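One structure below.
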There are 2 protein chains.
Amino acid sequence: MAMSVPRMDPLESRAWLALVTTSELLPAALDAHLRAEAGITHFEFMVLSGLKRAKANTMRMTDIAAMVDSTMPRLSKVIGKLVERGLVEREGGASDGRVINVRLTSDGRKVLVRALPGHLAQVRDLIIDRLDRDQLEALADILEPLVERLDPQRNMGQLAASRS
Amino acid sequence: MAMSVPRMDPLESRAWLALVTTSELLPAALDAHLRAEAGITHFEFMVLSGLKRAKANTMRMTDIAAMVDSTMPRLSKVIGKLVERGLVEREGGASDGRVINVRLTSDGRKVLVRALPGHLAQVRDLIIDRLDRDQLEALADILEPLVERLDPQRNMGQLAASRS
DNA sequence: TTCAACAAGTTGCCACTACAACTATTCCCG
DNA sequence: CGGGAATAGTTGTAGTGGCAACTTGTTGAA
């Protein structure tokens with residue numbers, strides 16, 4: 001069955017190699033930078049950013065997980081640590097007794113605000129400022145359908161609700 | 001000093017979001033697929049592929065690490081497990097007594113050959129076949145300079161010695 | 001020749017993620 | 001309105017990566 005899949009030609013190889021390599025290096029670079037500058041991971045940064053944008057700085061676990069494209073167990077543990085550090089709070093008061101609301105604390109906001117300029121600068125330095133407008137558009141046009149295909153179930157695009 | 005870095009405009013946001021998301025989802029997808037089909041991670045797959053291409057199916061640790069863009073500790077542990085599973089062998093016989101040569105075994109080759117068609121098919125399905133020639137070229141042209149920037153020290157591009 | 005600096009790999013320890021099992025709550029259907 | 005199915009979230013365990021410390025072997029300069 002696993003019949004012969006055509007080998008990659010040079011152009012295909014180039015594109016594929018570049019994409020895989022980027023996918024391995026970029027997350028590591030973001031983590032290292034944010035960790036050094038603000039003591040948080042990129043994942044935590046995205047969580048805190050999402051909370052900051054949210055109404056009342058509050059979201060339920062499930063929605064956060066969808067936004068950052070995470071599994072529940074992973075998110076649960078990360079939130080646990082953020083609570084320990086006082087960057088977010090858990091609030092049980094909801095009509096549905098199962099849901100837990102998570103709110104950004106003022107300390108959390110401080111950490112986020114402190115992390116933001118450096119992070120933005122890194123993103124510009126690594127990516128954005130190295131591409132012209134046409135390239136930015138091409139990149140978005142190319143990757144967006146791929147993301148849709150890659151995303152297990154829900155397309156996390158919702159977080160495109162980012163005007164921040 | 002951490003002066004105001006200009007916020008991202010919509011186009012910049014789109015491109016950035018698509019790139020980060022891809023970078024998070026793609027490695028997970030590759031790992032899941034390879035693990036299910038051949039019992040190896042994408043990282044192990046790349047190591048085995050590299051060895052298969054290498055002269056005498058042998059490489060030294062440092063060169064492997066450079067090829068797959070890994071730290072030595074990480075590679076050392078992974079090779080340890082591959083040795084346990086009989087997919088590679090360590091050979092100490094070198095002029096420089098410090099270097100360890102790693103060779104692909106026939107079992108390792110078998111696993112690799114078994115994994116390859118499915119992996120190729122996934123790569124085509126997820127990425128390559130979803131892009132036309134112009135897009136492939138644009139993607140490569142855009143990402144290659146970014147990789148160069150992202151890569152800590154040595155540009156792993158050497159593994160572009162892939163004709164295989 | 002000898003000893004300090006350096007290079008190649010490995011190991012230990014800690015943090016993080018995945019997957020599965022579990023608890024608690026709500027829903028829904030007879 | 002009673003109870004199984006489904007949903008929200010947490011916990012336990014094992015596997016994986018990072019960083020620093022360590023071991024072994026090489027180099028080079030006095």
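Just so we're on the same page: letters track the sequence lines, and every chain starts at 1. All values derive from a computational prediction rather than experimental measurement.
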Whole-Å distance separating the [atom1] atom of [X] from the [atom2] atom of [N]:
X	N	atom1	atom2	result
B:Ile79	C:dT11	CD1	P	13 Å
A:His42	C:dC16	NE2	P	16 Å
B:Glu91	C:dG9	CD	P	13 Å
A:Leu25	D:dG17	CG	P	15 Å
A:Leu75	D:dA8	CG	C1'	12 Å
B:Met72	C:dC6	CE	C1'	15 Å
A:Met59	D:dG9	CE	C1'	17 Å
A:Asp63	D:dA8	CG	C1'	11 Å

Phosphate-side-chain proximity, [X] and [N], N/O vs OP1/OP2 below 4.0 Å:
X	N	answer
A:Ser76	D:dG9	no
B:Ser70	D:dG17	no
B:Arg90	C:dT10	yes
A:Arg60	D:dT7	no

Any donor-acceptor pair under 3.5 Å joining the side chain of A:Arg74 to the base of C:dT17? no
Residue met sooner reading DNA chain C from 5', once A:Arg98 and A:Glu44 are mapped to nucleotides: A:Glu44
Among [options], the nucleotide that comes nearest once only the side chain of [X] is considered:
X	options	answer
B:Lys81	D:dT10, C:dA18, D:dT16	D:dT16
A:Lys77	D:dG9, D:dT11, D:dA6	D:dT11
B:Pro73	D:dC19, C:dC16, D:dG17	D:dC19
B:Met61	C:dT26, C:dG9, D:dG9	C:dG9
B:Asp96	C:dC16, D:dT10, D:dG25	D:dG25

Looking at B:Glu12 and B:Arg7, does any basic side-chain N land under 4.0 Å from a carboxylate oxygen? no
Going by an N to O cut-off under 4.0 Å, is there a salt bridge joining A:Asp125 and B:Arg149? yes
Would you indicate whether the side-chain heavy atoms of A:His119 and A:Leu30 approach each other to under 4.5 Å? yes
Of B:Thr41 and B:Gly97, whose nearest nucleotide on DNA chain D comes first from the 5' end? B:Thr41
Go through B:Arg14 and A:Asp141 one step at a time and tell me if the side chain to side chain contact (heavy atoms under 4.5 Å, CB included) criterion holds. CA-CA 9 Å; B:Arg14 271 183 67 210; A:Asp141 288 344; 2.8 Å; yes
Hey, does the Lys NZ or Arg CZ of B:Arg74 hover above the aromatic six-ring of B:Phe43, less than 6.0 Å from the centre and inside 45° of the axis? yes
